[in-house]
Visitor: 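Right, I'll just put the structure down here and ask away after.
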Amino acid sequence: MEFLYIIILSLVSITVLFIITKLMGYRQISEMSFFDYVVGISIGSIAAEMATNIDIEWWKGVTAMIIYGVIGILLSVITQKSIKARRFISGTPIILIEKGKINKESLKKARIEIDDLLTSARGNGYFNIGDIDYAIMETTGKISFLPVALKRQLTPQDFNFAPEREGLYVNVIIDGKIMDEDLKYAKMTMPQLEAELKKQNKKAEDVLLATVDIKKQLTIYPK
């Protein structure tokens, strides 16, 4: 009976956790600020405690998770409406390297060591710190780098060349299954898809992935 109760509590906690996370938005996953991180681990800890500690009444854990979730949502709304509130809660970006010079005071403010900066630079492909013009620590903790002019990648604009617009590649077949909604988005009919498959002597069930570009050209990756 106790084992069954734990299973039920686990299912309830993960369901509530899933709903709260969806309400708080994908920013919780992709670009967590310090406060997002605190709220996230707090809700996760409550969910874990709720699932394993049978002495705690289930509604108390759910209530605590909802309170944390509501606070997170409210603060998200406030930060969207007010720049001052956003800067106070999420912080502001910190310039670590400016015009090729490392700012020691900024490193102290960001609470990172020079080794951490060098590691992040190497992770972004800069093995020579002299190749970096600016380095900025974002509010999410990620460091963005701007290379010096001579080290930046060339673009079509540098050659006075205007490439054609590529648009999105739409996945119309995934693991042998035709994606009807994606096929509509690609503005391609079923007869057209079947004709293209026939041209390449393929059947849908033999295809791992098939994509359609803006020119309705079908690219097939067989199983």
Visitor: Which pairs count as ring pair (Phe, Tyr, Trp, His ring centres under 6.0 Å) when at least one residue sits in residues 83-126, sequence neighbours excluded?
Guide: Tyr126-Phe145
Visitor: With a 4.5 Å limit on heavy-atom distance, are the side chains of Val207 and Asp175 in contact?
Guide: no
Visitor: Using atom types as modelled and distance alone, determine if a side-chain donor or acceptor of Ser82 lies under 3.5 Å from a backbone N or O of Ile78.
Guide: no
Visitor: Quick one: list whatever passes side-chain contact (heavy atoms from CB on, under 4.5 Å) with Ala64, sequence neighbours left out.
Guide: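 side-chain contact (heavy atoms from CB on, under 4.5 Å) check on Ala64 returns Ile46.
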Visitor: Is there side-chain contact between Ile129 and Ile97, with at least one heavy-atom pair below 4.5 Å?
Guide: yes
Visitor: Can you see which heavy atom on Ile220 is nearest to which on Gln200, and at what distance?
Guide: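 Answer, listing the atom of Ile220 first, then Gln200: CD1-OE1, 3.6 Å.
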Visitor: Please tell me if the side chains of Ile173 and Leu197 come closer than 4.5 Å, counting only heavy atoms from C-beta onward.
Guide: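 Counting from C-beta outward, Ile173 and Leu197 do come under 4.5 Å.
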Visitor: Can you name the nearest heavy-atom pair linking Ile94 to Ser106, along with the distance?
Guide: CG2-CB, 3.7 Å
Visitor: With sequence neighbours excluded, what pairs up with Lys151 under the salt bridge (Lys or Arg N to Asp or Glu O under 4.0 Å) test?
Guide: none
Visitor: List in chain and number order the residues that pass side-chain hydrogen bond (donor to acceptor under 3.5 Å, both in side chains) with Ser42, two or more places apart in sequence or in another chain; answer none if no residue qualifies.
Guide: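 Scan of Ser42 (side-chain hydrogen bond (donor to acceptor under 3.5 Å, both in side chains), adjacent residues dropped) gives none.
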Visitor: Who are the side-chain contact (heavy atoms from CB on, under 4.5 Å) partners of Ile136, not counting sequence neighbours?
Guide: Pro93, Ile95, Glu138
Visitor: Lys104: what forms a salt bridge (Lys or Arg N to Asp or Glu O under 4.0 Å) with it, not counting sequence neighbours?
Guide: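 So Lys104 forms no salt bridge (Lys or Arg N to Asp or Glu O under 4.0 Å) with any residue.
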Visitor: So, using side-chain hydrogen bond (donor to acceptor under 3.5 Å, both in side chains) as the criterion, who are the partners of Thr219 when residues are at least two apart?
Guide: none
Visitor: Got a sec, which residues hit side-chain hydrogen bond (donor to acceptor under 3.5 Å, both in side chains) with Lys215, two or more places apart in sequence or on another chain?
Guide: Glu164
Visitor: Only counting residues at least two apart or in another chain, list the ones meeting side-chain hydrogen bond (donor to acceptor under 3.5 Å, both in side chains) with Glu49.
Guide: Asn53
Visitor: Salt bridge (Lys or Arg N to Asp or Glu O under 4.0 Å) with Asp115: which residues, sequence neighbours excluded?
Guide: none
Visitor: Let me have the donor-acceptor pairs involving side chains of residues 187-196, under 3.5 Å, with sequence neighbours excluded, atom names and distances please.
Guide:
from   : atom 1 : to     : atom 2 : distance (Å)
Thr189 : OG1    : Gln192 : N      : 3.3
Thr189 : OG1    : Gln192 : OE1    : 3.3
Gln192 : OE1    : Thr189 : N      : 2.9

Visitor: Does Asn124 use its side chain to pair, donor to acceptor, with the backbone of Ser120 at less than 3.5 Å?
Guide: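 Such a contact is found between Asn124 side chain and Ser120 backbone.
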Visitor: Applying side-chain contact (heavy atoms from CB on, under 4.5 Å), name anything that partners Ile114, two or more places apart in sequence or on another chain.
Guide: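 side-chain contact (heavy atoms from CB on, under 4.5 Å) check on Ile114 returns Ile102, Leu107, Leu117, Leu118.
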Visitor: Give me the atom names and distance for the closest heavy-atom approach of Val148 to Gly130.
Guide: CG1-O, 3.9 Å
